[in-house]
Amino acid sequence: MSFSQLGLSAKVLAAIEAAGYKQPTPIQEQAIPHVLARRDVLGIAQTGTGKTAAFVLPMLTQLEQGRARARMPRTLILEPTRELAAQVAENFEKYGKNSKLNVALIIGGVSFDDQDAKLLRGVDVLIATPGRLLDHFERGRLLLSACELLIIDEADRMLDMGFIPDIERIGKLVPFTRQTLFFTATMPPEIQRIADTFLHNPVRVEVSRPATAAATITQLLCHTGRDPHEKRETLRRLIRGAENFKNAIIFCNRKREVALLHKSLVRHKFNAVALHGDLDQSARTAALDAFRKGEAKLLIASDVAARGLDIPDVSHVFNFDVPHHADDYVHRIGRTGRAGKLGTAITIVAPADSKSVAAIEKLTNMTIPWMEKSATVATEGDAPVEARPPREERSRGEHRRDRTPQPRRQHPDPARAPRSRPQRDHDEPDMSHLPAFLLRPVSIKA
DNA sequence: AAAAAAC
């Protein structure tokens, strides 16, 4: 099957070829003809399946005819996060360079007036997060009565984030006669109910999880203590020892922890940027840009970056914290091993996390190996000596007395290891339980 | 338990 058989316009086919794509993915192959036939589509697909192009490409073909009127967008795409919205906008740039379409990105955290000016000029494609869209609507800067196509992307995530009331409200502002595309990764009952209210006689298109996800990602667990300093030390050791390292996303459960860890890594001369929802939008965009361009090797992030972000070449994902929700784990590690590339996902597990790990193993239906289990026992002399942290860090509540390094024996099952650790009589972590490949130092550009 | 999203 080739793109030329799907009914796309010549301009769009030329753009696809220029982008270097040869073959449609299963979701594109199944959805594009229905979208072009103006059917409603219920798409069940994860990110990484080519879902975005499955609606961008036929939209470009459809929109070649007709023209937008001031303040009346012709199509509307709703996304749960600002970064995802921006990413969809980039797709229109990429495939739409032969078309003269007006694309507007309507998200929070950036100038309202610039967006307003764009709306006034008339937009063919409006890509929005719900809050800012409703803001424009309430101020009377936007009418949805000429909108022919509504796309709800990442519906299950919108549900998680409590956006469904906003989405339902927006749905009522768009004419009943519109075409609707509804994408979700999972189909819990609540999402099914919402899909039923939004869609009329939809075609159901379902693709399995990208086979790439499980197969190309090496997953590992690494045991650590509960002390934050020790966790950070474990992380630094994992990064320095990572095999085939190119870059990494490091996930934390809390925004505060993202900021803290980012500071600490920068102090340790790592080339790191941070991304979470409390940063202003320019900082968020700058961080993501730097990471995408390879200027920053480490991206420390909250779950704002867990789903959908498409960075084709991430070699490692580290979970600094075990996610509380097992499906977040799946989304986080899916940031690596993309587009057929190999990836490694290492989760740092403190004693209190065993329940969360069990839930993840249940969901993924696999036992994730502990790094210790495949250990090649290294002698003390083999372990690289880690640079002593700079003074500032030691003075920030992380004082520890200098002690002679002592090898620590690993409990056979770290999840059941006694909670009270006998004594902390080493300044450097014990590396004797690590496989040899993790002990090889890797230099990271500062 | 937390993240995300509007001024």
Side-chain angles (χ1 to χ4, degrees), chain A residues 47 76-89 104-116 119 126-142 152-171 173 184-185 191 226 228 249-262 274-285 287-288 299-309 317 319-332 334-335 347 349-350 352-360:
Chain A
T47 49
L76 171 61
I77 303 170
L78 294 171
E79 295 288 335
T81 67
R82 298 170 186 175
E83 277 74 17
L84 282 178
Q87 195 169 282
V88 172
L105 183 60
I106 301 293
I107 60 174
V110 293
S111 155
F112 188 96
D113 291 339
D114 295 351
Q115 296 175 356
D116 187 51
L119 289 172
L126 186 57
I127 304 156
T129 46
R132 181 58 75 90
L133 182 88
L134 285 170
D135 195 356
H136 279 280
F137 181 81
E138 280 159 10
R139 298 192 201 189
R141 319 307 285 172
L142 168 72
I152 321 280
D153 199 14
E154 304 269 339
D156 50 353
R157 190 171 186 203
M158 302 250 204
L159 175 71
D160 289 348
M161 291 169 46
F163 287 175
I164 294 302
D166 284 351
I167 299 300
E168 290 184 316
R169 204 181 138 204
I170 294 165
L173 303 174
T184 179
I191 288 292
R226 57 164 44 168
I249 304 180
I250 302 163
F251 285 104
C252 304
N253 287 355
R254 295 174 180 80
K255 292 180 280 197
R256 239 183 68 84
E257 191 69 51
V258 171
L260 218 66
L261 180 60
H262 173 241
L275 176 63
H276 62 76
D278 278 355
L279 295 170
D280 60 78
Q281 191 54 37
S282 59
R284 284 167 67 160
T285 308
L288 202 52
L299 176 69
I300 329 300
S302 68
D303 278 316
V304 68
R307 300 197 197 194
L309 277 197
V317 165
N319 286 315
F320 185 73
D321 298 310
V322 181
H324 289 112
H325 281 307
D327 44 336
D328 286 335
Y329 173 84
V330 178
H331 289 289
R332 287 181 182 185
R335 294 317 97 209
T347 300
V349 183
D353 300 325
S354 47
K355 262 192 177 165
S356 307
V357 172
I360 289 164

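In what follows, every heavy atom counts, from backbone to side chain, and hydrogens, waters and symmetry copies are set aside. All figures in this text were calculated on a predicted structure; none of them were measured in a lab. Throughout, protein chains are lettered first and strands after them, A, B, ... in sequence-line order, and every chain is numbered starting at 1.
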A.B. asks: Over all strands shown, is A/D303 touching base, sugar-phosphate only, or nothing at heavy-atom distances under 4.0 angstrom?
C.D. replies: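 If one applies the 4.0 Å heavy-atom cut-off, A/D303 turns out to touch nothing in the nucleic acid.
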A.B. asks: Whether A/D116 and A/R139 form a salt bridge (side-chain N of Lys/Arg under 4.0 Å from carboxylate O of Asp/Glu) is what I want to check.
C.D. replies: no
A.B. asks: So A/R307, base contact, sugar-phosphate only, or nothing? Heavy-atom distance under 4.0 Å.
C.D. replies: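 Here A/R307 touches no strand at all.
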A.B. asks: Do A/S111 and A/D113 pair up side chain to side chain, a donor and an acceptor below 3.5 Å, judged on atom types alone?
C.D. replies: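 Side-chain D/A pair, A/S111 to A/D113: absent.
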A.B. asks: Starting at atom CD of A/E79, determine the distance to atom P of B/dA6, rounded to an integer number of angstrom.
C.D. replies: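 Roughly 12 Å, once rounded to whole Å.
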A.B. asks: Under 3.5 Å, side chain of A/E83 to main-chain N/O of A/A305, donor-acceptor pair present?
C.D. replies: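 Not confirmed, A/E83 side chain does not pair with A/A305 backbone.
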A.B. asks: Could you tell me whether the side chain of A/N253 and the main chain of A/V322 form a donor-acceptor pair under 3.5 Å?
C.D. replies: yes
A.B. asks: Taking the minimum atom-to-atom distance to the side chain of A/K255, which one of B/dA6, B/dA1, B/dA3 wins?
C.D. replies: B/dA3
A.B. asks: Taking donor-acceptor contacts at under 3.5 Å, does the side chain of A/H324 reach the base of B/dA2?
C.D. replies: no
A.B. asks: State which of B/dA6, B/dA4, B/dA2 makes the closest approach to the side chain of A/R254.
C.D. replies: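 Within the option list, the nearest is B/dA2.
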A.B. asks: Describe the nucleic acid contact of A/R157 in one word from base, sugar-phosphate, nothing, applying a heavy-atom distance below 4.0 Å.
C.D. replies: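 If one applies the 4.0 Å heavy-atom cut-off, A/R157 turns out to touch nothing in the nucleic acid.
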A.B. asks: Whole angstroms only, please: what is the CE-C1' distance between A/M158 and B/dA3?
C.D. replies: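 Distance check: A/M158 CE to B/dA3 C1' gives 15 Å.
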A.B. asks: Could you state the atom-to-atom distance from CG of A/L309 to C1' of B/dA3 in whole Å?
C.D. replies: 14 Å
A.B. asks: Calculate the interatomic distance between A/D280 atom CG and B/dA4 atom P; express it in whole Å.
C.D. replies: 13 Å
A.B. asks: Specify the separation, in whole Å, of atom NE2 of A/H331 and atom P of B/dA4.
C.D. replies: 16 Å
A.B. asks: Choosing from B/dA1, B/dA5, B/dA3, which nucleotide comes nearest the side chain of A/H325?
C.D. replies: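 In terms of side-chain proximity for A/H325, the closest of B/dA1, B/dA5, B/dA3 is B/dA1.
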A.B. asks: With respect to the phosphate group of B/dA4, does any side-chain polar atom (N or O) of A/T129 fall under 4.0 Å of OP1 or OP2?
C.D. replies: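 Checking A/T129 against B/dA4: no side-chain N or O falls below 4.0 Å of OP1 or OP2.
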A.B. asks: Starting at atom CG of A/D160, determine the distance to atom P of B/dA5, rounded to an integer number of angstrom.
C.D. replies: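 Checked: the CG to P distance equals 14 Å.
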A.B. asks: Using a 4.0 Å heavy-atom cut-off across all strands, classify A/D166 as base, sugar-phosphate, or nothing.
C.D. replies: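 Counting heavy atoms under 4.0 Å across all strands, no contact is made by A/D166.
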A.B. asks: When you measure from the centre of the six-membered ring of A/F112, is the NZ or CZ of A/R141 under 6.0 Å away and within 45° of the axis?
C.D. replies: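 No, A/R141 and A/F112 do not form such a contact.
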A.B. asks: Counting only side-chain nitrogens and oxygens, does A/R169 get under 4.0 Å of the OP1 or OP2 atom of B/dA6?
C.D. replies: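 So the side-chain polar atoms of A/R169 never come under 4.0 Å of the phosphate oxygens OP1 or OP2 of B/dA6.
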A.B. asks: Once you apply a heavy-atom cut-off of 4.0 Å, does A/G162 come out as touching a base, just sugar-phosphate, or nothing?
C.D. replies: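 Answer is nothing: A/G162 stays at 4.0 Å or more from every strand.
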A.B. asks: In this structure, how many angstroms lie between the P atom of B/dA3 and the CD atom of A/E83, rounded?
C.D. replies: 15 Å
A.B. asks: Without decimals, in angstroms, what is the distance between A/D278 CG and B/dA3 P?
C.D. replies: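 Interatomic distance, CG of A/D278 to P of B/dA3: 8 Å.
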A.B. asks: Under 4.0 Å between a side-chain N or O of A/R139 and OP1 or OP2 of B/dA6?
C.D. replies: no
